[in-house]
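For the numbers below, each heavy atom of this structure counts, side chains included, while hydrogens, waters and symmetry mates do not.
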Amino acid sequence: MDMEQIYEYIGKENVTTYAVGAFMLLWALVWLYRDSLEINKINEKYVFVTGCDTGFGNLLCRRLDKRGFRVLAGCLTEKGADDLKRVTGPNLKTCILDVTSTASIQKAFEWTQKEVGDKGLWGIVNNAGRALPMGPSEWMRIEDFHSTLKVNMNGVIEMTMKFLPLIKKARGRIVNVASVLGRVAANGGGYCISKFAVESFSDCLRRDIHYFGIKVCIIEPGFFKTQVTSLEPLERELCRLWNQLTPEVKESYGDKYLDNYIKIQRLIMNAICDSDLSKVTNCMEHALIAAHPRTRYSAGWDAKLLWIPISYLPACVVDIALKLVLPRPAKSV
């Protein structure tokens, strides 16, 4: 069958459509194959994870331990470290780490340096974080911003820069946990600010150090049921913020504003928070194990179907959407 017969069979006007379709199918198949390739000699590779007492970090350590990685887990408390060691094998070791303390980070680095030796550090997962306080920006004091930024922004940057020589030696991976709220600033406080900073820092770092064979990956979880999204501390912090306001500011919002804000927050959290934490740790694992890790991982149905698409909309559209969801202050104009 010559080309003229092919054109006659499919129709000349459809040739471009079929060619584009075939190219896209081939591209998808190649991408899927490339995405499935994994690294070798996992049992010789060291991975350091921060924030391992509970939540994503704790689950990730247990899964990496089962995979055969040599896991170095940074826990904030002795209890968190002991609990983790009880449910894992001998290849997982723990240290006490406070990412807001330069001295603590230095001590963890020296310990890690001795553990990994000449092999270097294959991966660091900057998972430690805090969300509170969250609420209307006007309710915050400067220390409320700092308390979150010290963990989520400064902690990520300082840990990465301190451990970078060990990662460079292994030509390894840096996995930074951001958030969908690093794409859409949906509430006040330091959390969204810090996660936007993690996104920016990771992008800059990736472009600067890819020459050395180092991959930088960003994890963007949606809303999951962890201590960060627990309603009781969220509401307690909102009440604390409300109580520290001046009478003039309280009057501008109205007596019912706090109750309405809490009701809407409960509704949103109960509706979209996912209890399956493995959706996030699967992304973290892939970033460490894949031969060709992705630049960004969106974890959770709300991330993929709600937050990430919203982030591409014009700012005025997002402003209107949030205005419709959040309560209106009593003296709004």
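From Met284, atom CE reaches atom CG of Leu59 across 9.0 Å, with rounding to the nearest 0.5 Å.
The aromatic rings of Phe223 and Trp307 lie parallel to each other, their planes meeting at an angle below 30°, with 60° marking the opposite boundary. Classified by interplanar angle (parallel below 30°, tilted 30° to 60°, perpendicular above 60°), the ring pair Tyr261/Trp139 is tilted.
Applying the side-chain hydrogen bond (donor to acceptor under 3.5 Å, both in side chains) rule to Arg62 yields the partners Asn58; only residues at least two apart in sequence or on another chain are considered. With sequence neighbours left out, Trp122 forms a ring pair (Phe, Tyr, Trp, His ring centres under 6.0 Å) with no residue at all.
Thr229 approaches Lys225 most closely through the heavy-atom pair OG1-CA, 3.6 Å. Summarising the geometry of Leu238 relative to Pro136, their closest heavy-atom pair is CD2-CD, 4.4 Å, with the distance given to 0.1 Å. When all heavy atoms of Glu199 and Gly182 are compared, the closest pair comes out as CG-O, 3.8 Å. Considering every non-hydrogen atom in both Leu76 and Ile96, the closest pair reads O-CG2, 3.8 Å.
Environment of CD in Glu143: crowded, with over 12 heavy atoms of neighbouring residues, nucleotides or ligands closer than 6.0 Å. The number of heavy atoms from other shown groups lying within 6.0 Å of CZ (Arg240) is above 12. Remark: Lys66 NZ is loosely packed, at most 12 non-hydrogen atoms of other residues, nucleotides or ligands lying under 6.0 Å away. When the shell of 6.0 Å around CD of Gln227 is examined, it contains 12 or fewer heavy atoms from other residues, nucleotides or ligands. The neighbour count for Lys250 NZ, taken as heavy atoms of other residues, nucleotides or ligands under 6.0 Å away, is above 12. Within 6.0 Å of CG in Asp255 there are 12 or fewer heavy atoms belonging to other residues, nucleotides or ligands.
When hydrophobic clusters are built by joining Ile, Leu, Val, Met, Phe, Trp and Tyr residues whose side-chain heavy atoms come closer than 4.5 Å, directly or via intermediates, Val175 is not grouped with Leu205.
Looking only at atom types and distance, the side chain of Ser194 has a donor-acceptor partner in the side chain of Asn152 under 3.5 Å away. Arg63 and Asn282 share a donor-acceptor pair across their side chains, judged by distance under 3.5 Å alone.
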Verdict with supporting geometry, Asp83 and Lys79, salt bridge (charged side-chain N to carboxylate O under 4.0 Å, His left out)
CA-CA 6 Å; Asp83 289 346; Lys79 182 182 183 304; 2.8 Å; yes

Kindly indicate, with the supporting measurements, whether the criterion side chain to side chain contact (heavy atoms under 4.5 Å, CB included) is fulfilled by Cys283 and Phe56.
CA-CA 11 Å; Cys283 296; Phe56 301 136; over 6 Å; no

Please determine whether salt bridge (charged side-chain N to carboxylate O under 4.0 Å, His left out) holds for the pair Asp203 and Arg296, giving the CA-CA distance in whole Å, both sets of side-chain angles, and the decisive distance to 0.1 Å.
CA-CA 10 Å; Asp203 282 338; Arg296 279 178 167 79; 2.9 Å; yes

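The side-chain contact (heavy atoms from CB on, under 4.5 Å) test with Leu322 singles out one residue from Val318, Asp319, Ile320, Leu324, and that residue is Val318.
Side chain of Arg173 to main chain of Ala287: a donor-acceptor pair is present (N/O by atom type, distance under 3.5 Å, no hydrogens or angles). Checked by atom type and distance alone, the side chain of Asp53 pairs as donor or acceptor with a backbone atom of Thr77 at under 3.5 Å. Distance alone, capped at 3.5 Å, is enough to place a donor-acceptor pair between the Lys195 side chain and the Val177 backbone. Without hydrogens or angle criteria, Asp35 side chain to Trp31 main chain gives no donor-acceptor distance under 3.5 Å.
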